[in-house]
Amino acid sequence: MTLVTRVRGRFPAIRPRRLRSSEALRNLVSETLLDTSHLVLPLFVSEKGTGPIESMPGVERHTVEGVVSKVEEAVELGVNAFLLFGIPQLKDELGSQAYHREGVVQRALRRLSEAFGEKVVLIADTCLCEYTSHGHCGVIIDGGVENDRTLELLARTAVSQAEAGATVVAPSAMMDGQVGAIRSALDEAGFESTLIMSYSAKYASAYYGPFRVAAESKPQFGDRRSYQMDPRNGREAVREVGFDVEEGADIVMVKPALPYLDVIARLKAEFPLPLAAYQVSGEYLMIKSAAALGYLDERLAVLESVYSIRRAGADIVITYFAEDIAKWLKQQS
Ligand code: PBG
Ligand code: ZN
C-alpha cells in the first residue's frame, strides 16, 4: 500500500458504511452470488416405504415413484441437480444391492432419466455403507476395510449406476485409487461421458450422525477413521485432491462444509476444476434444531451458511435446504 492511499484512507474521508446504505447498493457491491443452479439436493430412495426421517426434520424417504414427484417439485423451483442415496431392504456382507441391476438407486435412476432426460443432473452416491450389514464403506477382511477388494465393488457399482442413467457418479468411500478404478471401469464399459464427482476431502466427522440414522448406515463396529480424513489435517486435503485429479475426477468435493471452509478456500486456490462442498446432515440439524427452539432465524442462518460456503470458494453446494433456498431466492427477487 502506498503512502498516499494510506493517508487518503483515513476517516472521515473514507466511510465504508456508504456502501451499505441501501439494499440496492448492497446488492450492487455484493461479492458472492448464489443461484439455484449451484445447488444439489440429496434424496433418499427407499425400499422400505416412505416417511419422515426422525433425525432430519423436514427430510423424507421416498419410494422410486415418490422420488419422481419430488424431483418434479424441485425442478419447478429451479433445482436441477440431485444426489441419490439408497436404503435397501436387504443388506449383506458385500453390499450386493449397491451394484444390483434392480437395486433401489438403479431403479430410481432409470425412472428419473426417462422422465427428465438432460433437464436434470443425476448424481449417484457410489459407496457400500448403506448396503453392507456391517455398515462400513468396503469389504471387511480380518476386521478391517480392505482397500483393493473394495475398489472392484465400487467400480461395479459405478458402472451399474451409469448404465441406469446416472450423469455423475460420486465415489464416497475414501478408498485409495477409487477414482482411477472407477474411471477405467466406466471407460471400458463405454461410459466415457459419465462424470466423476469425487468426495476427495471427506473427513471423519461427527456431523454425519443424523444421516446414518436416515440411511441406517452406522458402522456396527469401530469407526471410519482408518479411511476418512483426520479433521486436524488441511494439507492432506491438497494431496488427496491431487491424486483424484490425476486419476480423472471431473469435480472434487469437501465434506462437511462449514467446519472446513479453510480447506475449501485452499483447494479453490490450488485446483482449476469445479469444487463442491457438502453441507451435511449435522449442519442441517444444528440449524433446524436451533430454529425450532425459536432462537435462530432459519432463513437467515441457512443463507449466511451457504453464502459463506460459496464465499470460501465452493462452486457447487450440496444441501438439504436446496428447495428452501430456491424459495427464498425467488421471494427476494
Ligand atoms: C458415506 C456417506 C456419509 C454421508 C453420505 N455418505 C458419511 C458417513 O456415514 O461416513 C453423510 C452425509 C450427511 O451427513 O449428510 N459414504
Ligand atoms: Zn460409505
Side-chain angles (χ1 to χ4, degrees), residues 42 55 125-129 134-138 140 143-148 150-151 154 170-180 197-213 215 217-247 249 251-287 289-290 301 304-320:
S55 57
D125 183 85
T126 308
C127 201
L128 302 180
C129 51
H134 43 74
H136 277 287
C137 302
I140 301 291
V145 176
E146 217 282 320
N147 196 86
D148 301 11
T150 302
L151 294 184
L154 290 173
S172 68
M174 285 302 279
M175 293 298 120
D176 295 337
Q178 63 181 7
V179 171
M197 175 170 81
S198 178
Y199 287 68
S200 305
K202 178 173 178 179
Y203 285 87
S205 174
Y207 292 95
Y208 304 148
F211 173 93
R212 291 181 188 169
V213 175
S217 62
K218 190 174 184 296
Q220 297 303 301
F221 62 91
D223 53 45
R224 300 206 211 287
R225 285 183 298 173
S226 76
Y227 42 105
Q228 297 178 347
M229 281 180 60
D230 189 315
R232 293 171 290 193
N233 297 349
R235 267 186 308 163
E236 194 185 4
V238 178
R239 198 163 176 249
E240 284 281 1
V241 170
F243 295 141
D244 285 0
V245 172
E246 279 170 29
E247 290 175 31
I251 301 170
V252 293
M253 193 205 297
V254 175
K255 177 185 176 182
L258 209 60
Y260 298 93
L261 294 182
D262 61 319
V263 177
I264 295 173
R266 205 151 163 175
L267 295 177
K268 177 65 163 212
E270 203 99 20
F271 296 98
L273 78 173
L275 178 62
Y278 196 149
Q279 181 182 51
V280 301
S281 59
E283 297 177 73
Y284 175 83
L285 182 61
M286 283 200 296
I287 294 178
S289 323
E304 184 176 337
S305 304
V306 175
Y307 274 125
S308 297
I309 295 163
R310 291 270 302 154
R311 190 190 66 237
D315 302 297
I316 300 164
V317 183
I318 303 166
T319 172
Y320 301 98

Quiz item: Which residues satisfy the side-chain hydrogen bond (donor to acceptor under 3.5 Å, both in side chains) test with Tyr284, sequence neighbours excluded?
Solution: none
Practice problem: Enter the distance from Ile264:CD1 to Leu275:CG here, rounded to the nearest 0.5 Å. | Solution: 6.5 Å
Self-check item: Listed partners of Ala265 passing side chain to side chain contact (heavy atoms under 4.5 Å, CB included), at least two apart
Solution: none
Quiz prompt | Non-neighbouring partners of Tyr260 that pass ring-ring contact (aromatic ring centres under 6.0 Å, His included), sequence neighbours left out | solution = Tyr203
Quiz item: Which residues pass the side-chain hydrogen bond (donor to acceptor under 3.5 Å, both in side chains) test with Asp176, sequence neighbours left out?
Solution: none
Quiz prompt | Contacts of Glu146 that satisfy side chain to side chain contact (heavy atoms under 4.5 Å, CB included) - sequence neighbours left out | solution = Ile141, Asp148, Arg149
Practice problem: Just jot down the side-chain hydrogen bond (donor to acceptor under 3.5 Å, both in side chains) partners of Asp262, sequence neighbours excluded, or say none. | Solution: none
Quiz item: Got a sec, which residues hit side chain to side chain contact (heavy atoms under 4.5 Å, CB included) with Lys218, two or more places apart in sequence or on another chain?
Solution: Arg212
Exercise. Sequence neighbours left out, what pairs pass side-chain hydrogen bond (donor to acceptor under 3.5 Å, both in side chains) with at least one residue falling in residues 231-246?
Key: Ser198-Asp244, Ser200-Asp244, Asp230-Arg232, Asn233-Glu236
Quiz prompt | Thr319: partners by side-chain hydrogen bond (donor to acceptor under 3.5 Å, both in side chains), with sequence neighbours left out | solution = Gln279
Quiz item: Where the side chain of Glu283 meets the backbone of Leu258, is there a donor-acceptor pair that is under 3.5 Å apart?
Solution: yes
Exercise. Could you tell me which residues satisfy side chain to side chain contact (heavy atoms under 4.5 Å, CB included) with Ala290, sequence neighbours excluded, listed by chain and number?
Key: Leu296
Practice problem: Fit a plane to each ring of Tyr227 and His136, take the angle between them on a 0 to 90° scale, and name the class: parallel (under 30°), tilted (30 to 60°) or perpendicular (over 60°). | Solution: perpendicular
